[in-house]
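Reviewing the structure listed below.
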Amino acid sequence: MLKSKISFLLLVLIIAVYVSSCNKIEPEGPSQTLLDSSLVVPVSTITIPVSYEVRNLEDLVNKKLEGVFFKKWLKLNSGGDSLFLELERTSRVQLSWANQALQIEFPIHVSGNFIKKFMGMSLKNQAPIEAEMVLHLTTDVEVNPDWSLNTNTKLEKIDWIKNPELKIAMVKLDIKEPIEDQLFANQETLLEELDKVLREEIKTRDEVAKIWNDIQKEIIINKEEPRIYMIAQGESLAAKFLNDDPAYLTLLVQMKAFAETKEGESPPFVEKPLPTYSDQINNDDSVQIFVLAKLPFSRANELLRKELIDKKIAFNNVALHIKDLDIYATDQGLAVRLDVKGAVNGHLYLVGEPAFDEATSTFWVDKLEYDIQTENVIVNSMDGMFHDNFLEFISEYLTFDAAPLINDLPNMIETALDKGKSGEKIDIKISHMHARPYSILLTRNDIQVILETRASADLQLKGLKSSAKPVRVN
């Protein structure tokens, strides 16, 4: 009797072991890659048209140069003849932008006195000279090596609205030509105040320095844990004036930088000195940013374990519990090892390729399937529908929707500039953002992605405010 009981127990044990062994799977997983390298990030290009509205400059010029702005005795010849001229703006100065220069029409009232030396006597005009004219000026605008503005205003021609009349001893004299000669000869003195006004109000160095430094400050991508930010390291800066619109004086500023995303707290920001001015740029009013992002597999596993450990997956009365997992790179793509318990016990290996859908801005693992050895082991151990649904279930956790981030990136950049000094006077708008993966690299330690984003940017001064008093000559 005892012998038969022992035989029965042995039979039950053998059957249990057999059944258990039928549900236990231990396939050999895909080999982890040995690649240990880093992607080389292309230089990012941020090209922004900085526009000064000519109408605002015109308002400032009219505010600054009001009333009499020039009065002076001018020696006409070696014989001692002299002319006293007083110039006063009579109506609005008009500005426009063309051929990389400001075109200026300056209406002037001329008054003055004439002294004629004759046989040791000084003869003066009986009545003051009175005339009206319009000065046609051209201001060449350039950027100095230190990014300050250099202007050089020249007198191109004079249109007489009212001719000057001069009577000396009942004799009428035509003095248009001597007045014109003196204005052309003394134009540097005559126009120096106008150049000074333009240089003071068009502060290219200040505005470009704000852009240069604000773009290199951190742009926070995720405020919650883990804290993620994007940072750019400036490499070069160039600019040149455009001639597209007579209503705007536009300086096309092009900055080149290397950008990447990082996790944690950024170091304190230190302002960077401006590079020397260069005009070597491409005429492209776009933003092209290459951002390097690295996701260590240790971090990826930490995130996935929070989502999947102890998850129960059940279909058609077949269930599995995920007890542990490990995602890693192979020479062919990505692999996921799942330690499971339930309908089958042991390890499942899934393989796939990282992919990006430009239409939806979504990263996911494409062609996700069971590793060939896993497939061979479980083909007779798992319900067919469960076999497919399990893949679909895991695939959802291997998907990252980057659309909110990409769609919000223009606002992040605009906000970063608004919070910096640039926001005081500058209004920047970034539109038509488009993103695509430039390169993806799977290494032994991490997933590396270079994301290329393209957009259009427009930057306009919110308004120029004169800080100086009007120029008057006493």
* To do: Quick one: pull up CD in Gln32 and CG in Asp331 and give me the separation to the nearest 0.5 Å.
  => 10.0 Å
* Are the side chains of Lys176 and Asn163 in touch, meaning some heavy atoms are under 4.5 Å apart? -> yes
* Would Asp36 and Thr443 count as having a side-chain donor-acceptor pair, cut-off 3.5 Å? -> no
* Give a yes or no on whether the ring-centroid distance for Trp97 and Phe241 is below 6.0 angstrom. => yes
* Structure fact -> Output for pair (Leu391 CG, Leu398 CG), nearest 0.5 Å, gives 10.5 Å
* Asked: Is a side-chain donor-acceptor pair under 3.5 Å present for Lys154 with Thr138?
  -> no
* Check Leu149, Ile202, Asn150 against Val141 for a side chain to side chain contact (heavy atoms under 4.5 Å, CB included) and give me the one that passes. => Leu149
* Minimum heavy-atom distance Lys64-Val197, with the two atoms named -> NZ-CG2, 3.6 Å
* Asked: Trp147 versus Leu274: any side-chain heavy-atom pair under 4.5 Å?
  -> yes
* **Glu452 bridged to Arg436 by N-O distance under 4.0 Å** => yes
* Mark yes or no for whether Gln216, through its side chain, and Gly234, through its backbone, hold a donor-acceptor pair below 3.5 Å. => yes
* Asked: So, do Val351 and Leu334 sit near enough that their side-chain heavy atoms are less than 4.5 Å apart?
  -> no
* Is the number of heavy atoms from other residues, nucleotides or ligands within 6.0 Å of CD (Glu392) greater than 12? -> no
* For residues Ala355 and Asp366, report the shortest heavy-atom separation together with the two atoms involved. => CB-CB, 3.8 Å
* To do: Taking the side chain as every heavy atom from C-beta outward, state whether Leu183 and Leu85 have any atom pair closer than 4.5 Å.
  => yes
* To do: Evaluate the side-chain contact (heavy atoms from CB on, under 4.5 Å) criterion for residues Phe363 and Leu451: first the C-alpha distance (whole Å), next the side-chain angles of each, then the deciding distance (0.1 Å), finally the verdict.
  => CA-CA 11 Å; Phe363 285 98; Leu451 190 66; 4.3 Å; yes
* To do: Indicate the atoms forming the closest heavy-atom contact of Thr153 with Leu137, along with that distance.
  => CG2-CB, 3.9 Å
* To do: For the pair Lys223 (side chain) and Ile221 (backbone), establish whether a donor and an acceptor sit closer than 3.5 Å, ignoring hydrogens and angles.
  => no
* Pair Asp446-Gln448, side-chain donor/acceptor within less than 3.5 Å -> yes
* To do: For the pair Glu271 and Lys210, find out whether any cationic side-chain nitrogen is under 4.0 Å from an anionic carboxylate oxygen.
  => no
* Asked: Would you say the side chains of Asn243 and Asn99 form a donor-acceptor pair under 3.5 Å?
  -> no
* **Electrostatic pair Asp146-Arg205, nearest N-O below 4.0 angstrom** => no
* If we only count heavy atoms from C-beta on, is the Ser38 to Lys294 side-chain gap below 4.5 Å? -> yes
* To do: For the pair Asp357 and Thr362, evaluate side chain to side chain donor-acceptor pair (under 3.5 Å) and give the outcome as yes or no after the intermediate values.
  => CA-CA 5 Å; Asp357 186 343; Thr362 303; 6.0 Å; no
* Asked: Short question: side chain of Asn222, backbone of Ile228 - any donor-acceptor pair under 3.5 Å?
  -> no
* Asked: Short question: side chain of Arg89, backbone of Pro107 - any donor-acceptor pair under 3.5 Å?
  -> no
* Basic-acidic side-chain contact under 4.0 Å: Arg227, Glu263 -> no
* Asked: Could Glu132 and Lys162 be called an ion pair, given the rule that one side-chain N must be under 4.0 Å from one carboxylate O?
  -> no
* For Glu180 and Ile158, work out which heavy atoms get closest and say how close. => CG-CD1, 3.8 Å
* Asked: Quick one: are Phe106 and Val134 in side-chain contact, heavy atoms under 4.5 Å?
  -> no
* Hey, is the main chain of Phe184 close enough, under 3.5 Å, to the side chain of Gln187 for a donor-acceptor pair? -> yes
* Determine yes or no for a side-chain-to-main-chain donor-acceptor pair under 3.5 angstrom, with Asn62 supplying the side chain and Glu66 the backbone. => no
* Can you tell me how far CG of Leu295 sits from OG1 of Thr261, rounded to the nearest 0.5 angstrom? -> 9.5 Å
* To do: Compute the centroid of each ring, for Tyr438 and then for Phe290, and state whether the two points are separated by less than 6.0 Å.
  => yes
* Check: Ala239 main-chain N/O paired with Tyr277 side-chain donor or acceptor under 3.5 Å -> yes
* Salt-bridge test for Glu58 and Arg92: reply yes if a basic N is under 4.0 Å from a carboxylate O, no otherwise. => yes
* Can you check side chain to side chain donor-acceptor pair (under 3.5 Å) on Thr250 and Ser51, steps first, answer last? -> CA-CA 4 Å; Thr250 299; Ser51 297; 3.2 Å; yes
* Are side-chain heavy atoms of Ile394 and Ile322 found at a separation under 4.5 Å? -> yes
* Any idea which heavy atoms bring Trp160 and Ile179 closest together, and the distance? -> CH2-CG2, 3.8 Å
* At what distance, to the nearest 0.5 angstrom, does CG of Asn301 lie from NZ of Lys306? -> 12.5 Å
* In this structure, are over 12 heavy atoms from other groups packed under 6.0 Å from Glu156 atom CD? -> yes
* Candidate pair Met133 and Ile161, rule side-chain contact (heavy atoms from CB on, under 4.5 Å), full reasoning -> CA-CA 5 Å; Met133 64 171 66; Ile161 307 302; 5.6 Å; no
* Asked: Roughly how far, to the nearest 0.5 Å, is CD of Glu53 from OH of Tyr248?
  -> 4.5 Å
* Asked: In this structure, which one of Leu198, Val61, Leu65 forms a side chain to side chain contact (heavy atoms under 4.5 Å, CB included) with Glu193?
  -> Leu65
* To do: Could you walk me through whether Leu87 and Leu190 pass the side-chain contact (heavy atoms from CB on, under 4.5 Å) test, one step at a time?
  => CA-CA 9 Å; Leu87 305 182; Leu190 173 67; 3.2 Å; yes
* To do: Give the minimum heavy-atom separation between Ile450 and Val40, together with the two atoms involved.
  => CD1-O, 3.6 Å
* Structure fact -> To the nearest 0.5 Å, atom OG1 of Thr45 lies from atom CD of Gln254 at 5.5 Å
* Quick one: are Leu102 and Leu249 in side-chain contact, heavy atoms under 4.5 Å? -> yes
* Answer yes if the side chains of His109 and Glu130 hold a donor-acceptor pair under 3.5 Å, and no otherwise. => yes
* Applying side-chain contact (heavy atoms from CB on, under 4.5 Å), run through His136 and Asp159 and close with a yes or a no. => CA-CA 8 Å; His136 292 269; Asp159 285 340; 2.7 Å; yes
* Asked: Has Lys196 got more than 12 heavy atoms of other residues, nucleotides or ligands less than 6.0 Å from its NZ?
  -> no
* Is the number of heavy atoms from other residues, nucleotides or ligands under 6.0 Å of Lys256 NZ greater than 12? -> yes
